[in-house]
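These notes concern the structure reproduced below.
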Amino acid sequence: MFLCYNSVKRVVCRIGKNRAGFQNYDLIYVTIMASDQRFELFLLLRTRRGIQRGYTMFHLLRQEGAARRCELVTPHGAVQTPAFMNVATCGAIKGAVSAYDLREIGCQVQLCNTYHLHLRPGEEVVRELGGLRAFTGWDGPILTDSGGFQVFSLAKLRNIREEGVTFASHISGARIFMGPEESIRIQSALGSTIAMAFDECVENPAPLDYAQASCERTYRWLLRCQEEMERCNARDGTVNPRQMLFGINQGCTYDALRLRHMEQIAALDLDGYAIGGLAVGEPKEDMYRIISLVEPAMPAHKPRYLMGVGTPENILEAVRLGIDLFDCVMPSRNARHGHMFTWDGVINLNNAKYARDDGAIDPLCQCPTCRRHTRAYLHHLRKAGEMLAMRLCVLHNLWFYNHLLERIREALDAGTFAAFYAECAGRLDRRI
RNA sequence: GGGAGAGUUCCCGAGUGGCCAAAGGGAGCAGACUGUAAAUCUGCCGUCAGUGACUUCAGUGGUUCGAAUCCACUCUCUCCCA
């Protein structure tokens, strides 16, 4: 995930070719910094918006059908895609997983949440302490979600208006306001690599007229996000690397809404495009249909992110349909509840049948947990309420997700994705 | 030896004549979880059988239309006095 000297040469070379998507940029300075025995790439760029530190680039390495094997180069490190982003909502992956565990489980990108970090500890604290990367100890790329999902998940505690959303803090009950400008300013202060646009994630099912009104508002919010992001980047541009902004497609399960909205946001030259508002209760066939519908309208030279998805099979299917980035709470949350992913399907470690099972969670797995511990031991730790049980289980599931994506990348590199897909489909999500 | 109290379904523990197969925990068993208000939530939890039936509240016997609940004795445990 980090650039070695060879890949830096390659990057420079590609910039020199002036490829589509970054012809507005002019490379003026390159540094290679060694820290923690790894190399990081910092570039100073002259763009049409002035001189900025840091450079991002996204390029397609291989393609098989709609499935893409890409590389996203950011000032905070490169990301090989398709990739899974590990969810650390409040700055930590729940289940006692530390930043120093992340490298070991194959994490490339960490995801944090604007709403949660705004409430606690507050973005100014994080900014003072050097930004999220310094604060959390994770020195790779970080994506911050905008708080748009909380418009959905905290539906009982919020009120939406054109200007933005008023939440009753789920911690203190205090009223807090968050609109597009607030969300972007907070994300800028947090110093994430990628900021997400502030959107409304609409529940399913939703009436057409509501879905349409919400979708149009989300578009207006995106324009405001873009303006605010430019302001923030212009202000911090020579101090912090330029922060990326991803737009989010909405429109519930209405094809016309989805497609029109995607075409609208695709015209805005954002750094990446996300599909939001899926996996919120609709059948997975609907989800796949929306992805295939909207995918051709997504700019090919920008990263594509399917938000909040999903099960291993959801991810496999979405890669096949052309998605590059994923995040999901499922591996960590389900691990805390004993629900473990394996290459043969899903097991529930709480079940009595594992009390004397001396095998690893997954016999094929090389994760820190499976290398050392039996199902019987983990079953016992769970029953005994030991917090080590959660930690070991979360490490396994996250390893599984990150390595699922790694194997997908290997298959794409080798041109064998179709075979890999056929081997796994129908197997990963089944209960065993 | 004398006195006081207590024994409830796997455990703890409510229940003092019908609304009791018996509150509430815990344990146990299973299920859910998709941009995290989640180490959470839901269901089952005496036995059979798809309305219901049957066997239970230390034991035995009794009172009553009806007893986990009242009476008698027995057993066990705890505490106090000698």
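Keep in mind that the numbers below use all heavy atoms, side chains included, and drop hydrogens, waters and symmetry copies.
A 3.5 Å limit on both hydrogen-bonding distances identifies no Watson-Crick or G-U partner for B:A49. Summarising the base pairing, B:G1 is matched to B:C81 through a Watson-Crick or G-U wobble pair whose two defining distances lie under 3.5 Å. The base-pairing partner of B:A68, taking Watson-Crick or G-U wobble contacts with both distances under 3.5 Å, does not exist among the strands shown. With a 3.5 Å ceiling on both atom-pair distances, the Watson-Crick or G-U wobble partner of B:U40 is B:A32.
Atom P of B:G18 sits at a distance of 11 Å from the matching atom of B:U69, rounded to the whole Å. The separation of B:G28 from B:C54, taken at their C1' atoms, amounts to 25 Å, rounded to a whole angstrom. Comparing B:U56 with B:A68, their C1' atoms are spaced 9 Å from each other, to the whole Å. Comparing the C1' positions of B:A58 and B:C41 gives a spacing of 39 Å, expressed to the nearest Å. Between the C1' atoms of B:G62 and B:G17, the separation comes to 15 Å (whole Å). As rounded to the nearest Å, B:G25 and B:U74 have C1' atoms that lie 34 Å from one another. Between B:C45 and B:A23, the two P atoms lie 11 Å apart (nearest whole Å). The separation of B:A4 from B:C11, taken at their P atoms, amounts to 30 Å, rounded to a whole angstrom.
Geometrically, A:R304 does not engage A:Y273 in a cation-pi contact defined by less than 6.0 Å to the ring centre and at most 45° from the axis.
Within 4.0 Å (heavy atoms only), A:I248 reaches at least one base atom of the nucleic acid. Counting non-hydrogen atoms under 4.0 angstrom, A:R431 reaches the backbone sugars and phosphates but no base. If you check every strand for non-hydrogen atoms under 4.0 Å, A:H116 touches sugar and phosphate atoms only. Base engagement by A:N314 is indicated by at least one non-hydrogen atom pair under 4.0 Å involving a base atom. No contact: A:L143 has no heavy atom under 4.0 Å from any strand. Nucleic acid contact class of A:E313 (heavy atoms, under 4.0 Å, all strands): none. No contact: A:G95 has no heavy atom under 4.0 Å from any strand.
Proximity of residues 374-388 of chain A to RNA chain B (heavy atom under 4.0 angstrom from any strand atom) is restricted to A:K383. For the contact set between residues 178-206 of chain A and RNA chain B, defined by any heavy atom under 4.0 Å, the members are A:D199, A:C201. Against RNA chain B, the stretch residues 322-330 of chain A makes heavy-atom approaches under 4.0 Å through A:D327, A:C328, A:V329, A:M330. For residues 394-407 of chain A, proximity to RNA chain B is found at no residue, defined as any non-hydrogen atom under 4.0 angstrom from a strand atom.
If you check the side chains of A:R133 and A:Q110, you find no donor sitting under 3.5 Å from an acceptor. Side chain to side chain, A:N314 and A:T311 meet the donor-acceptor criterion of an N or O pair below 3.5 Å. A donor atom on one side chain and an acceptor atom on the other are found under 3.5 Å apart for A:Q187 and A:T144.
Just one residue in the list A:N113, A:D145, A:L111 forms a side chain to side chain contact (heavy atoms under 4.5 Å, CB included) with A:T89, and that residue is A:N113.
Ion pairing between A:D271 and A:R242 holds under the 4.0 Å rule for side-chain N and carboxylate O. Ion pairing between a basic and an acidic side chain is recognised when a charged N comes within 4.0 Å of a carboxylate O; A:R224 and A:E227 show no such pairing. Ionic pairing of A:R220 and A:E162 is present here: one or more N-O contacts between side-chain nitrogen and carboxylate oxygen are shorter than 4.0 angstrom. A salt bridge links A:D344 with A:R430: the closest approach of a Lys/Arg side-chain nitrogen to an acidic carboxylate oxygen falls below 4.0 angstrom. A salt bridge links A:E216 with A:R260: the distance from a Lys NZ or Arg NE/NH1/NH2 to an Asp or Glu carboxylate oxygen falls below 4.0 Å. Salt-bridge annotation for A:R103 and A:D139: present, with a side-chain N of the basic residue lying under 4.0 Å from a carboxylate O of the acidic one.
Residue-environment remark: CZ (A:R231) exceeds the threshold of 12 foreign heavy atoms within 6.0 Å. Around CZ of A:R161, the count of heavy atoms belonging to other residues, nucleotides or ligands within 6.0 Å exceeds 12.
Where RNA chain B meets chain A (any atom under 4.0 Å from a heavy atom), the bounding nucleotides read 5' to 3' are B:G28 to B:U40.
Side chain of A:R375 to backbone of A:A355: no donor-acceptor contact under 3.5 angstrom is found. One N or O on the side chain of A:R391 and one on the backbone of A:A96 form a donor-acceptor pair closer than 3.5 Å. Put simply, the side chain of A:R258 never gets that close to the backbone of A:T253: no donor and acceptor are under 3.5 Å apart.
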Inset, instruction - In sequence, state the C-alpha distance, the side-chain angles, and the governing distance for A:N348 and A:H339, and then conclude on side-chain hydrogen bond (donor to acceptor under 3.5 Å, both in side chains). - result: CA-CA 5 Å; A:N348 185 347; A:H339 185 110; 5.8 Å; no
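Nearer to the 5' terminus of RNA chain B, by closest-nucleotide assignment, is the contact made by A:N351 (compared with the other of A:V280 and A:N351). Mapped onto RNA chain B by nearest heavy atom, A:L278 and A:H170 fall at different nucleotides, with A:L278 at the one closer to the 5' end.
Take A:E410 and apply the side chain to side chain donor-acceptor pair (under 3.5 Å) test, not counting sequence neighbours, and it matches no residue.
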